[in-house]
2 protein chains.
Amino acid sequence: MMEELPHRYAPVAVTVDVVALTIRDRRLQVLVAERDAGPYAGSRALPGGFIRPEEELAEAAVRELGARPAHLEQLASYGGPGRMRVLSVSYLAFVPHLPRPRAGAAWHPADDLPPLASDHARIVADGVERARAKLEYTPLASAFAGDTFTISELRQIYETVWGTRLHPGNFHRKVLSVPGFVEGTGATTRTGGVRGGPRARLYRAGDARLLHPPLLRPGSAGTAPDRSPGRW
Amino acid sequence: MMEELPHRYAPVAVTVDVVALTIRDRRLQVLVAERDAGPYAGSRALPGGFIRPEEELAEAAVRELGARPAHLEQLASYGGPGRMRVLSVSYLAFVPHLPRPRAGAAWHPADDLPPLASDHARIVADGVERARAKLEYTPLASAFAGDTFTISELRQIYETVWGTRLHPGNFHRKVLSVPGFVEGTGATTRTGGVRGGPRARLYRAGDARLLHPPLLRPGSAGTAPDRSPGRW
DNA sequence: CCAATAGTGTCTGTGAGACATTATGTT
DNA sequence: AACATAATGTCTCACAGACACTATTGG
């Protein structure tokens with residue numbers, strides 16, 4: 001079925017902006033691009049750009065990111081007259097390791113960002129909060145890790161994204177008790193920790209897509225998933 | 001700063017489509033509009049239309065809905081080449097009572113919808129799932145009720161949206177134990193239930209915006225095989 | 001009287017968190 | 001030797017769910 005192009009309505013320019021998160025130096029970091037042209041030239045902004053006629057929204061996000069993330073999901077759309085007829089569809093991406101960012105882009109700590117164009121700072125805040133909530137009830141923390149990882153490495157991911165310390169023993173038992181969260185590889189690390197300790201067992205991501213029961217953020221007051229983008 | 005209109009990029013037509021939910025006849029119902037013009041004339045679709053230059057996205061959603069909902073939040077955006085350069089930003093609305101739908105629109109049970117245009121059936125599915133999740137950790141169930149309501153009425157809302165039966169006694173105690181969920185009015189219903197029983201106390205929505213601890217859906221918890229014979 | 005409902009009490013299993021313990025590594 | 005870490009065990013508290021029970025209303 002073909003939808004006729006409604007040219008009698010004022011057209012809108014649609015961009016895709018990506019909140020790409022990784023963990024580097026034990027900090028949650030966001031990919032920030034330098035704008036080399038346009039009215040915001042010289043300033044910084046999220047990686048993004050105008051969508052092309054033949055591509056899906058998610059494809060545009062991957063193209064603007066310049067790499068295939070371990071996880072990608074839509075965040076929200078931001079429009080309104082304050083944006084001069086530019087509608088931004090934002091995406092959240094989890095990127096493992098430290099891929100070298102494409103030219104003109106650099107990682108910045110999520111809690112120490114430079115000034116960003118438009119309302120991108122708010123988009124980042126929405127993305128970080130979404131990421132924190134996602135770790136509670138999905139196994140996506142492993143999207144920040146390599147193919148195999150130890151329970152301690154997984155715990156560090158949680159601690160970094162949530163900004164809290166977690167009890168190592170309880171975390172260990174909890175992760176292994178959730179079906180499908182991780183599965184053992186039979187292997188262990190080649191050496192103990194930097195400061196000693198036995199070799200840790202290596203795990204890979206399991207096949208669960210949701211965690212039952214979830215790993216709840218400590219500090220009982222406070223955390224609830226907020227999937228609603230924008231108050232209106 | 002002014003953002004220059006990037007006319008060198010192919011423009012896109014942006015619509016806002018609303019998944020409006022209410023509870024009628026103890027069923028979750030969705031507002032469906034008749035399309036009176038355009039390529040889908042005669043078919044049904046979600047209430048929606050093209051955004052206007054001077055309005056916010058949420059304003060457009062309220063305008064297309066034709067009424068101010070008790071709750072409104074953005075759902076997601078749907079684009080891609082399969083939609084012929086029409087990008088749809090969808091919204092989820094909770095509507096209390098049974099306001100008379102505007103001309104050309106009618107309520108349909110969410111689990112028995114007529115064929116809808118484009119991918120609107122999927123948008124409805126996304127909206128219903130979002131609504132179910134929202135009831136778990138927000139007090140928004142009261143958005144389906146009147147100004148005051150009984151605990152039983154609140155429970156019926158949960159049962160209808162979730163499609164499950166809930167234990168009356170446990171639900172009662174749970175709701176009253178969550179701070180800020182409901183607050184008593186001091187009044188009671190004028191009569192008992194249709195089939196008897198004492199007069200129920202009336203409550204109004206409290207000031208909490210999040211429920212902690214949340215009301216979890218039964219069935220989602222408990223990975224172990226269901227050992228309880230009595231199913232509520 | 002009978003049935004249905006409002007509201008409360010009580011018990012139990014589960015799980016989170018605090019803390020302890022043992023084994024195994026590194027410096 | 002000293003210490004950090006991996007992994008597991010134990011205890012307690014909170015809470016969800018099952019179940020019981022009383023009081024109050026309509027038919």
Side-chain angles (χ1 to χ4, degrees), chain A residues 136-137 148-156 158-159 162 164-179 181-182 184-203 211-223, chain B residues 135-137 148-156 158-159 162 164-179 181-182 184-203 211-232:
Chain A
E136 287 193 327
Y137 51 90
T148 65
F149 47 86
T150 67
I151 302 292
S152 287
E153 289 167 350
L154 190 65
R155 176 169 46 82
Q156 282 177 22
Y158 273 90
E159 290 178 339
W162 285 351
T164 61
R165 299 294 299 267
L166 299 174
H167 190 288
N170 289 338
F171 181 86
H172 195 108
R173 177 165 28 79
K174 170 67 181 178
V175 166
L176 296 185
S177 75
V178 177
F181 191 177
V182 297
T185 64
T188 67
T189 54
R190 304 232 324 269
T191 71
V194 186
R195 291 187 283 265
R199 298 170 188 171
R201 290 201 265 262
L202 286 169
Y203 297 85
L211 304 182
H212 304 299
L215 276 86
L216 296 179
R217 276 177 277 188
S220 61
T223 62
Chain B
L135 293 208
E136 288 192 326
Y137 50 88
T148 65
F149 47 86
T150 67
I151 301 293
S152 287
E153 288 167 352
L154 190 65
R155 176 170 47 83
Q156 282 176 22
Y158 273 89
E159 290 177 338
W162 284 352
T164 62
R165 298 291 300 270
L166 299 174
H167 189 289
N170 289 339
F171 181 86
H172 196 107
R173 177 166 29 79
K174 171 67 179 177
V175 166
L176 296 185
S177 76
V178 177
F181 192 178
V182 297
T185 64
T188 68
T189 53
R190 301 231 326 268
T191 70
V194 186
R195 291 187 284 264
R199 298 171 189 173
R201 290 200 264 261
L202 286 169
Y203 297 85
L211 305 182
H212 20 270
L215 276 86
L216 295 179
R217 276 178 276 187
S220 67
T223 55
D226 198 0
R227 60 211 169 346
S228 55
R231 170 170 284 298
W232 281 96

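The sequence lines fix the lettering, A, B, ..., with proteins before strands; numbering per chain opens at 1.
Side-chain N or O atoms of Glu136(A) include none that pairs as donor or acceptor with a backbone N or O of Pro214(A) at under 3.5 Å.
Separation of atoms CZ (Arg201(B)) and NE2 (His172(B)) is listed at 6.0 Å; rounding is to 0.5 Å. For the atom pair CG of Leu216(B) and CG of Leu135(B), the computed distance is 12.0 Å after rounding to the nearest 0.5 Å. To the nearest 0.5 Å, the span separating CG on Leu211(B) from OG on Ser177(B) amounts to 10.0 Å. For the atom pair CG (Leu215(A)) and CG (Asn170(A)), the distance works out to 11.0 Å, reported to the nearest 0.5 Å.
The side-chain contact (heavy atoms from CB on, under 4.5 Å) check on Pro198(A) picks up nothing, with sequence neighbours excluded. Partners of Tyr158(A) by ring-ring contact (aromatic ring centres under 6.0 Å, His included), not counting sequence neighbours, listed by chain and number: Trp162(A), Phe171(A). By the side-chain contact (heavy atoms from CB on, under 4.5 Å) test, Arg199(B) pairs with Thr188(B), Thr189(B), sequence neighbours left out.
Between Arg173(A) and His172(B), it is His172(B) whose nearest contact on DNA chain C lies nearer the 5' terminus. Map Gly169(A) and Gly169(B) each onto its nearest nucleotide of DNA chain D; the residue landing nearer the 5' end is Gly169(A).
Taking only side-chain nitrogens and oxygens, Arg155(A) never comes nearer than 4.0 Å to OP1 or OP2 of dT5(D).
The CG atom of Leu202(B) sits 17 Å away from the P atom of dT5(C) (whole-angstrom rounding). Atom CG of Asn170(B) and atom P of dT8(C) are 13 Å apart (whole Å). Atom CD1 of Ile151(B) is separated from atom P of dA4(C) by 22 Å (rounded to the nearest Å). Rounded to whole Å, atom P of dA23(C) lies 15 Å from atom CZ of Arg201(A). Atom CG of Leu211(A) and atom P of dG15(C) are 14 Å apart (whole Å). Rounded to whole angstrom, the span from the CD atom of Glu153(B) across to the P atom of dT5(C) amounts to 13 Å. Spacing between atom CG of Leu176(A) and atom C1' of dA6(D) amounts to 11 Å, rounded to whole angstrom units. To the nearest angstrom, C1' of dA16(C) lies 18 Å from NE2 of His212(A).
Annotation for Thr150(B) and Ala200(B): closest pair CG2-CB, 3.7 Å, computed over non-hydrogen atoms. Taking all atoms of both residues into account, the shortest heavy-atom contact from Pro179(B) to His212(B) is CD-O, 3.8 Å.
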Please list each protein N or O that sits under 3.5 Å from an N or O in nucleotides 24-27 of chain D, with the distance.
unit_1	atom_1	unit_2	atom_2	d
dT24(D)	O2	Pro198(B)	N	3.3
dT25(D)	O4'	Gly197(B)	O	3.2
dT25(D)	O2	Gly197(B)	N	2.6

What does the list of N/O pairs under 3.5 Å between the protein and nucleotides 12-15 of chain D look like, with a distance for each?
none

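Residue Ser152(B) is in sugar-phosphate contact alone, with no base atom involved, counting any heavy-atom pair closer than 4.0 Å across all strands shown.
Taking a pair as Watson-Crick or G-U with both hydrogen-bonding distances under 3.5 Å, the stems of three or more pairs touching DNA chain C are C:1-27 with D:1-27.
Residues Pro218(A) and Arg165(A) have side chains not in contact (no heavy-atom distance under 4.5 Å, counting atoms from C-beta outward).
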Given Tyr203(A) and Val175(A), is the side chain to side chain contact (heavy atoms under 4.5 Å, CB included) satisfied, shown in steps? CA-CA 11 Å; Tyr203(A) 297 85; Val175(A) 166; over 6 Å; no
